Amino acid sequence: MLRLLCAALILCGAGLFAYRALVLEFPLQPNQNSPIWSLEIRADIPATPDGARVSMFVPPEFGRYQPLHEQFLSDRMSLTIRTADDGSRRAVWTAAQLNSGTSVYYRGTFFQKPVLSETRPQTRAPAELPSDFDFVSPRSMAERTLANRMMAELDRQAYDDDTLTSLLIDRLRDGTDDLARQPMDGRVGTTPVAETAAYVLNQQGRAARAVHGIPLEETGQTSRPISWLERWDGEGWRSYAIDTSDPFNPENRLTLWRGDADLAEAEGTRIEDVRIALDRREVGSVEALSQRQDDPNRPLVLATLLDLPVNTQLVLQTLLVIPIGVLVLVFMRQFVGIPTFGTFMPVLIALSFRSTSLVTGLLILAAVLLVGMSFRMFFSRLNLLLVPRLAAMLTVIVMAMIGLSVLADSFALGTGLSVTLFPIVILTMTIERLSVTWEENGPVDASKEFAGSVVVAVAAYAVMGLEEVQHLFFMFPELLLVVLAVMLAMGRYSGFRLSELRRFHELSGRS
Amino acid sequence: MLTTPWALKRRGVLGINARNTRYVADGNPRHLMPQVNNKIATKRLAAKAGVPTPELYGVIEIQAQVRRLDRMLEGREDFVIKPACGAQGDGILVISGRNKKGRRLAGGGVIGEPQLAHFISNVLSGMYSLNGLQDQAMLEEKVDFADVFEGLAEAGVPDVRIIVYRGVPAMAMARIPTRESGGKANLHKGGIGLGIAMDSGRTTRGVYHNRIIDEHPESGQPLSGIQLPDWHKIVEMSARCYDPTGLDYLGVDIVFDEERGPLLLELNARPGLAVQLSNGEGLDTRLRRIAAWVDERPRDTEERIAFGMTLSAPVP
């Protein structure tokens, strides 16, 4: 019966845990640090009497960086969002008329996904290879001829398409010969190189495209998009950096759009200024998860405690590790046989260590106990009734804590704040237990029990304080079912305690 | 200094965890516990079973009744105040007379009336009670201890503890207070435990601070071979406690009064395991033999007493 129950609990808890950890990929480690990037793109538009249409590229939805949270802001303009085949997204704002100047904003926060999905639009193979004759291209016949000549030259030097692409970028970037300078049209920077390289490659029937994005390195108010080249190698898109001409992994670039278009375009009006601001926040993967708002109707298995208000989360974080502390206590009592005050006193003491720190907590405990015990000895001579005496003790302890805070503050120990958090009722009860044990069973028993309590408290504190433990139980509260099962199993443990191996030594027949 | 779990298992030693799970939790239904945890209820049970106990003079339930102390005592000056739900002999005050300053304590010293009232109020507030809840203070006959241990007990109250399992007296020990233990018979405070042969009622050896001894550590007196008086009666008293309580695993504490002979002092629903050390033998072996014997067919009290008295020697 008990075994069945334990097995069922473990199965449920571990199963749910495994599913959420392995399938849903909830983070197992406390801080697999993933920075969160917040991006703002802002375009200013002047007043216009006629209708205006402003389109602006915003980062693709399924890129290497996934938007956690997005906002499209504008005043008096209506918004549509269009997604192209290659995953580029355009936010299009329109207005019938604009009496005064306005701005449109895009704000998004992004985090890097651990795994890239294979099916996102921008990893798809090109729909069809570009044809020799491209009507849409703004480039002239002459440019096309130049491109063909340049490729013919490069073809002779290159070993394969990969080196060909590198050579092409090299040549376009350096711009030392006419052949390369002309298609660039005198422009400089990564964008024309990437766009021209893509154009030249496309002319040769090789799929390539320019990609524009923000390097996620510097942050500031005036980030500029840079461009690089993507070439289809038959299996996937290969990225080439313009400054080195070599293939690279654009993992620290936030892609904005692909193709030859400009970041923002306007019809019926003009765009006065486009500004891109980038900011970086270092957060744990937990927080990143907490901001994932994929699906408002997600099933319960997907739910985490991170959906709760932050205050509730803080309380739960403490609450969830209490069973772990108690588990340590049960182990210490049932398997080791350490005597402690009361049943849960050590866990309560351990909890109060959490709000200070271990060493400070122990010092506070020692100091307050010393003061408290001397008062308790004094009160005991006054023959007070139990409840008033406890009340008086509590007051004394509060005063001792105040004194300690002031003292700590004047020595600039910086623990003043946490001192007051040390639960006072716990101290009161500890002192009461300690002194009653002292009076009735003598100092030996009292110190034994007290030492036992402190040892168990420190052990419980150490286990509860493990970041991994806190994280695991907060992320996967279903693990409490496993803890429950272990506790139930311990409830029928009938073997010897470690302390009994000493106590019954004489009975072992080996003395 | 450490032994191994399997060595203890082979010797049939019972550990606390095994006692709590297999014997207390499985054999002692919780709703039957209060009657042995509360000494007033225990007295009622004992009366039903025909087992003699120290006389109950009165019960103080609220503080105001302290003033009626003298009326309850009906002029007696020797009495004991103890919490009805006390544990481990805590909170017991033995008063052996009265003088101008107050009441004389048996252990020496005097307690004034205000201190006495304060002590009683502590008892009532549950300071000594098992569960910390409100308690009652009992006024009880002071036992005039008969010196059945040949002068071994220099201070305090020696008693005999018998473990009764399913109505069969299984193992017995005598607990002798020492000066070190402050007059209390608790072994972990430095009292001496004496093993008792179940068939004869003769002490076998002693244990002191978990060590086997043959002589009293303070006086040097030999500890073995002391014949307890009324042994058969003691065994019978312990066996009789089983039926009215319905508790499978029971500790029966018996003291010796000069005039009245053995008296039941209290019952314990989770008696400790020091009895094993005192007897130098594991309790589990005997308990398992008893279980097998009782499972064969229902046994009456006489049979159970007789069977218990055969349990002395370890089975070869």
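To find a chain, count down the sequence lines: A is the first, B the second, and so on, and within it residues start at 1. Predicted, not measured: the structure shown is a model, and the values here were computed from it.
- How far NE2 of B/H209 is from CZ of A/R503: 13.0 Å, rounded to the nearest 0.5 Å.
- Sequence neighbours left out, not one pair with a member in residues 378-387 of chain A passes salt bridge (charged side-chain N to carboxylate O under 4.0 Å, His left out).
- For CZ of A/F450, the number of neighbouring non-hydrogen atoms (other residues, nucleotides, ligands) closer than 6.0 Å is greater than 12.
- We find the CD-CD1 distance between A/E506 and B/I212 to be 4.0 Å, quoted to the nearest 0.5 Å.
- Shown here is A/M373, whose CE atom has more than 12 heavy atoms of other residues, nucleotides or ligands within 6.0 Å.
- Annotation for B/D214: atom CG does not count as buried by contact number, only 12 or fewer foreign heavy atoms lying within 6.0 Å.
- Not counting sequence neighbours, A/F379 has no partner by the ring-ring contact (aromatic ring centres under 6.0 Å, His included) test.
- Considering only residues two or more places apart in sequence or on other chains, A/E500 meets the salt bridge (Lys or Arg N to Asp or Glu O under 4.0 Å) condition with none of them.
- Both the backbone and the side chain of B/R211 come within less than 4.5 Å of a heavy atom of chain A.
- Atom-to-atom distance recorded for A/H505:NE2 and B/T4:OG1 is 9.0 Å, nearest 0.5 angstrom.
- At a heavy-atom separation below 4.5 angstrom, chain B is approached by no residue within residues 456-463 of chain A.
- In this structure a side-chain-to-backbone donor-acceptor pair under 3.5 Å is missing from B/N17 to A/F496.
- Within the 4.5 Å cutoff, the side chain of A/L501 has heavy atoms near those of the B/P5 side chain.
- Proximity to chain A is limited to the side chain of B/N20, based on heavy atoms less than 4.5 angstrom apart.
- Rounding to the nearest 0.5 angstrom, the gap separating the CG atom in A/L507 from the OG1 atom in B/T3 is 9.0 Å.
- To the nearest 0.5 Å, atom CZ of residue A/R502 and atom CG of residue B/N210 are 8.0 Å apart.
- For the options B/V207, B/L124, B/L273, heavy-atom pairs under 4.5 Å to chain A are most numerous at B/L273.
- Here the closest non-hydrogen pair linking A/F504 and B/L14 is CE1-O, 3.8 Å.
- Separating the OG atom in A/S494 from the CG atom in B/D284 is a distance of 9.0 Å, to the nearest 0.5 Å.
- Using a 4.5 Å cut-off between heavy atoms, B/A25 contacts chain A through its side chain alone, with no backbone atom that close.
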